[in-house]
Each structure stands twice: as structure tokens, then as C-alpha cells.
Trainee: 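Provided herewith is a single structure, encoded as C-alpha cells, for subsequent inquiry.
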Amino acid sequence: MDKYTIFGNPIHHTLSPKIHGYFAEQTNHLISYEKVLAPRGDFESYVRDFVTIGGKGFNVTVPFKIEAYDLSDKLTSHARTAGAVNTIKIEDGQLLGHNTDGIGLVSDLCNNLEQTLKNKDILILGAGGATKGILLPLLEQKPARILLANRTKSKALDLANNFSNFGKVCGFGLEQIKDKPVDIIINATSASLDGVMPDISSGVANGAFCYDLMYGKKTPFMNWASNNGATRVVDGLGMLVEQDASSFEFWRGEKPETIDLLSALKEIAD
Ligand code: NDP
């Protein structure tokens, strides 16, 4: 049986083992997929051990996406542009790094949630591994602007600068967010994992479509958005399912169907 896994810290909340189990059954692929809590500072040795036991590939979540990028022997163009890796295929002991975060988010927004991103003002909160992965696929949808706000302002400025060739991206600190509505707000901080709402002005959510990358529970960001005039508030479950489908295809060469699984998972969550 081919072995796959996901490394993260924390990792208890992940639904990826369940999702990949469903994909494997649907496509008749014989695989195992487990979640592994990797200690911060020891990610590399966990990866090397997994390669040694014959692992075929793995996903990477918070906070290891940049380390996974650095460890990769080869990169797909998506991963290279993102500067972050969430999916690795192991071939002849070599690590081929890929990034499916943005593909998953755009697929959920545009196909499942029927949003148009063209000519919209999109505010992204956070400038970590997830943001790096979603920026290019979002920019490819030709939004009017991406406003990139981060607690550590310098990271937002650097990212905005790195992606400026692909569209209009402005970087700034969270405290500089104006009290002025935007079309779409994406919470790509890890604050929801800690049960915290980033400290930002409330007027920006008025009339906005709000999306939290976190999934599995109603987050402080989602409550904040509902209480401040958002037209629709959604969690990141659809993104997770879509990016896992894209990872599965990268490893196994077959794209699984996602619609029935997503409906079933949403029913359980409600
Ligand atoms: P990283 O650790 O790489 O980055 C974390 C980001 O969150 C940084 O920008 C950090 O700011 C910011 N942050 C953390 N705490 C706070 C806070 N209290 N207030 C404001 N900003 C804060 O994480 P990732 O980018 O990999 O992941 C971010 C989130 O996205 C996670 O919740 C993850 O679970 C989710 N995710 C969901 C996916 C899905 O499929 N649904 C896929 C990928 C990610 P600073 O730079 O100042 O430290």
C-alpha cells in the first residue's frame, strides 16, 4: 500500500486523512494517509524518516510550508512562484515540491461558491505560507487590486513587491486597513487556530464576501464578519477539499470528484 501523510503543528484538527481516504475509495487507489504532529524545529528529520520508510508523498500545513519549500529538490512552477510548498511527491528519494493552496481556493470561490473575482477589491489578512500560495492564482483571476495586510508589515511589503509583476498588489500593516468597504476579505492568518480575531477596523467588512481559510468551527473572524455587515461568510472547508483533490491528482494522476464529499462534510459541520 502506498504511504502518504500530512505534517503540521498543530495537526489534530485536520480532515485531510478522511478526505484522502474518500478519494482513494472513489478512485480505487490503494493508499494509506496519516496525520503526523512534527515538532517545530525538527520537521526535516521527520521528512527524512518518511522518505526512508518508502513514503510516496506528503502534505504540509502550518507552520512548515516555507521549510518544505527549502527542503524540496525540485519545484513545480506554482511552488516556485509561491515560495511555499504544501504538497510533496517523493520520486527516487527526491522531493518534488508543489503548491495546491491557491488552486483549491480559486476553485472553491469560483466554482463551488460562484464568486467572480474579476475587477474586485480583495483584502487578504496575513502574509504566511498560505498567502504565498493563494496570491498568484487569485491574481490570475484579474481582480482590480489585492490589498495585503499583515501583523508584521515588512512581510506584507515584501510579498506585495514579489508579486507586483502579476497584478496590482499593495502591502501594509493590519493597523493601516481603512474603514472603507472592500468586495472580498480573505482571512489567511493563523489567528483562527488560536481562537483570536486580528485587530482590524470593522467598516471594511460592510457588504463584503468574507472567507476564512480555517475550517471546522465558527471562527472569531467569521463572527466578526457576520456582526459587521458581511453579505456572506464562509469557512475554508471547500478550499481544503479542492486543494486535497489537486494534491491527490498530483500524486496519483487522477482527479477525484469533490461535490458529494463537500456536501457530506458540510452537513456534518452544520
Ligand atoms: P503561517 O504560520 O505561515 O502564517 C501565519 C500568518 O498569520 C502570518 O501572517 C502571521 O502574522 C499571522 N498571524 C498569526 N497570528 C496572528 C494574530 N493573532 N493576529 C494577526 N495575524 C496573525 O500559516 P499559514 O499561512 O500556513 O496558514 C494560515 C491559516 O490558513 C491557518 O489557519 C491554516 O490552517 C489555514 N489554511 C487553510 C487551508 C485550507 O485548505 N482551508 C490551506 C492552507 C492554510 P506575522 O507574519 O506577523 O507572524
Side-chain angles (χ1 to χ4, degrees), residues 6-20 35 38 40-41 43 59-70 78-79 82-87 98-109 112-113 123-135 137-138 148-160 171-177 185-201 211-222 224 234-248 258 261-262 265-266 269:
I6 177 165
F7 294 111
N9 189 334
I11 196 67
H12 60 273
H13 64 286
T14 185
L15 287 175
S16 288
K18 190 181 266 187
I19 294 169
H20 281 284
K35 61 181 171 190
R40 286 166 195 258
F43 173 64
N59 286 124
V60 181
T61 185
V62 183
F64 300 122
K65 290 180 185 175
I66 314 295
E67 273 183 78
Y69 173 87
D70 290 337
H78 271 98
V85 157
N86 79 332
T87 305
H98 185 36
N99 196 309
T100 63
D101 278 341
I103 300 165
L105 175 65
V106 168
S107 174
D108 192 37
L109 284 171
N112 303 337
L113 300 165
L123 170 63
I124 300 179
L125 311 176
T131 300
K132 289 180 167 196
I134 65 178
L135 267 173
L138 286 173
L148 186 56
N150 194 45
R151 183 175 59 182
T152 309
K153 181 178 165 181
S154 58
K155 286 196 205 166
L157 290 174
D158 287 349
L159 263 192
F172 43 89
L174 282 181
E175 70 290 349
Q176 292 173 291
I177 294 175
I185 306 178
I186 297 172
N187 181 21
T189 71
S190 55
S192 298
L193 279 173
D194 302 324
V196 175
M197 170 65 202
D199 189 17
I200 64 172
S201 82
Y211 193 104
D212 198 331
L213 262 50
M214 176 79 182
Y215 60 87
K217 59 180 174 199
K218 204 118 201 245
T219 65
F221 170 80
M222 293 169 77
W224 169 88
V234 182
D235 75 2
L237 185 61
M239 171 180 176
L240 177 77
V241 170
E242 297 300 339
Q243 56 103 344
D244 272 346
S246 191
S247 296
F248 189 93
T258 54
L261 173 63
L262 190 50
L265 289 173
K266 277 187 176 156

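Atoms within a ligand are numbered from 1 in the order they appear, just like the ligands themselves. Not measured: the values here are computed from a predicted model.
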Trainee: Would you tell me which option among M214, M197, K65, E242 has the nearest heavy-atom contact to atom 44 (C) of ligand 1?
Mentor: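 Selected option, by shortest heavy-atom distance: K65.
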
Trainee: Taking all heavy atoms of G173 and all of A149, pick out the closest pair and write down the distance.
Mentor: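 Of all heavy-atom pairs spanning G173 and A149, the closest is O-CB, 4.2 Å.
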
Trainee: Got a second to check how far D212's CG is from K217's NZ, nearest 0.5 Å?
Mentor: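 It comes to 10.5 Å.
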
Trainee: Can you tell me the protein heavy atom closest to atom 16 (C) of ligand 1 and the distance?
Mentor: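 Scanning the protein heavy atoms, the shortest distance from atom 16 (C) of ligand 1 goes to R151 NH1, 3.3 Å.
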
Trainee: Does ligand 1 come near enough to N150 that some N or O of the ligand is less than 3.5 Å from an N or O of the residue?
Mentor: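 It does: an N or O of N150 is found under 3.5 Å from an N or O of ligand 1.
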
Trainee: May I ask you to check whether L193 has an N/O atom sitting below 3.5 Å from an N/O atom of ligand 1?
Mentor: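 Between L193 and ligand 1, no N or O pair is found under 3.5 Å apart.
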
Trainee: Return the closest protein heavy atom for atom 4 (O) of ligand 1 as residue, atom name and distance.
Mentor: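 Its nearest protein heavy-atom neighbour is G128 CA, 3.4 Å.
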
Trainee: From N187 CG over to L123 CG, what is the distance, rounded to the nearest 0.5 angstrom?
Mentor: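 Rounded to the nearest 0.5 Å, the CG-CG separation comes out at 9.5 Å.
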
Trainee: Does NZ in K18 sit with more than 12 non-hydrogen atoms of other residues, nucleotides or ligands closer than 6.0 Å?
Mentor: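 No - once you tally the heavy atoms of other residues, nucleotides and ligands closer than 6.0 Å, there are 12 at most.
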
Trainee: Report yes or no: does L174 have a heavy atom closer than 4.0 Å to ligand 1?
Mentor: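 Within the 4.0 Å threshold, so yes.
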
Trainee: To the nearest 0.5 Å, what is the distance between CG on L105 and CD on Q243?
Mentor: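 So the gap between those two atoms works out to 10.0 Å.
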
Trainee: Considering distance alone, does some N or O of T152 sit under 3.5 Å from an N or O of ligand 1?
Mentor: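 Right, the criterion is met.
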
Trainee: Could you tell me the residue and atom name of the protein heavy atom closest to atom 27 (O) of ligand 1, and the distance to it rounded to 0.1 Å?
Mentor: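 Among all protein heavy atoms, the one nearest atom 27 (O) of ligand 1 is V62 CG2, 3.4 Å.
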
Trainee: Please report whether ligand 1 has a polar contact with G126, defined as an N or O pair separated by less than 3.5 Å (distance criterion only).
Mentor: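 No, there is no polar N/O contact under 3.5 Å.
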
Trainee: Give yes if a backbone or side-chain nitrogen or oxygen of H13 is under 3.5 Å from a nitrogen or oxygen of ligand 1, and no if not.
Mentor: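 No.
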
Trainee: Counting non-hydrogen protein atoms only, what is the nearest one to atom 28 (C) of ligand 1? Give residue, atom name and distance.
Mentor: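 Ranking protein heavy atoms by distance from atom 28 (C) of ligand 1, first comes A188 O, 3.4 Å.
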
Trainee: Just heavy atoms, cut-off under 4.0 Å: does D101 contact ligand 1 by side chain, backbone, both, or neither?
Mentor: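 The part of D101 near ligand 1 is the side chain, not the backbone.
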
Trainee: Identify, for atom 37 (C) of ligand 1, the protein heavy atom at the shortest distance, and state residue, atom and that distance.
Mentor: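 Result: L213 O, 3.2 Å.
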
Trainee: Using a 4.0 Å heavy-atom threshold (strictly under), name the region of M239 that reaches ligand 1: side chain, backbone, both or neither.
Mentor: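 It is both backbone and side chain that touch ligand 1.
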
Trainee: Could you find the nearest protein heavy atom to atom 12 (C) of ligand 1 and give me its residue, atom name and distance?
Mentor: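 Its nearest protein heavy-atom neighbour is T189 CB, 3.8 Å.
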
Trainee: What are the two closest heavy atoms between G126 and N150, and how far apart are they?
Mentor: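 So the minimum-distance heavy-atom pair works out to CA-OD1, 3.3 Å.
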
Trainee: Does T131, backbone or side chain, put an N or O under 3.5 Å from an N or O of ligand 1?
Mentor: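 It does not: no N or O of T131 is found under 3.5 Å from an N or O of ligand 1.
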
Trainee: Enumerate the atoms of ligand 1 whose separation from the nearest heavy atom of K155 is less than 4.0 angstrom.
Mentor: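 Those of ligand 1 that fall under 4.0 Å from K155 are 45 (P), 46 (O), 48 (O).
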
Trainee: For atom CG of D199, decide whether the heavy atoms of other residues, nucleotides or ligands shown that lie under 6.0 angstrom number more than 12.
Mentor: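 No, the 6.0 Å shell around CG holds no more than 12 heavy atoms from other groups.
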
Trainee: What's the shortest distance from atom 5 (C) of ligand 1 to any protein heavy atom, and which residue and atom give it?
Mentor: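 Of the protein heavy atoms, S190 OG, 3.4 Å lies nearest.
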
Trainee: Work out which heavy atom in A38 is nearest to a heavy atom in F64; give both atom names and the distance.
Mentor: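 Where A38 meets F64 most closely, the heavy atoms are O-CZ, 3.3 Å.
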
Trainee: I need the minimum non-hydrogen distance between G216 and D235, along with the two atoms involved.
Mentor: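 Closest pair (atom of G216, atom of D235, distance): N-OD2, 3.6 Å.
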
Trainee: My understanding is that only one of N59, N86, D101, N99 makes a side-chain hydrogen bond (donor to acceptor under 3.5 Å, both in side chains) with S247; could you say which?
Mentor: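 Exactly one candidate clears the test, N59.
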
Trainee: Restricting to non-hydrogen atoms, name the atom on Y211 and the atom on G238 that form the minimum distance, rounded to 0.1 Å.
Mentor: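 Heavy atoms of Y211 and G238 come nearest at OH-C, 4.3 Å.
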
Trainee: Specify the protein heavy atom at minimum distance from atom 24 (P) of ligand 1: its residue, its atom name, and the distance to 0.1 Å.
Mentor: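 Residue, atom and distance for the closest contact: A130 N, 3.6 Å.
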
Trainee: Out of all atoms in ligand 1, which are within 4.0 Å of some heavy atom of A127? Include the element for each.
Mentor: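 Close to A127: 9 (O).
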
Trainee: Shortest non-hydrogen contact from L159 to T131?
Mentor: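 Scanning both residues completely, I find the closest heavy atoms to be CD1-CG2, 3.9 Å.
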
Trainee: Measure the acute angle between the ring planes of F43 and F7, then classify it against the limits of 30° and 60° as parallel, tilted or perpendicular.
Mentor: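 Plane angle over 60°, so perpendicular.
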
Trainee: Side chain or backbone, does P198 bring an N or O within less than 3.5 Å of an N or O on ligand 1?
Mentor: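 In fact, backbone or side chain, P198 has no N or O that close.
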
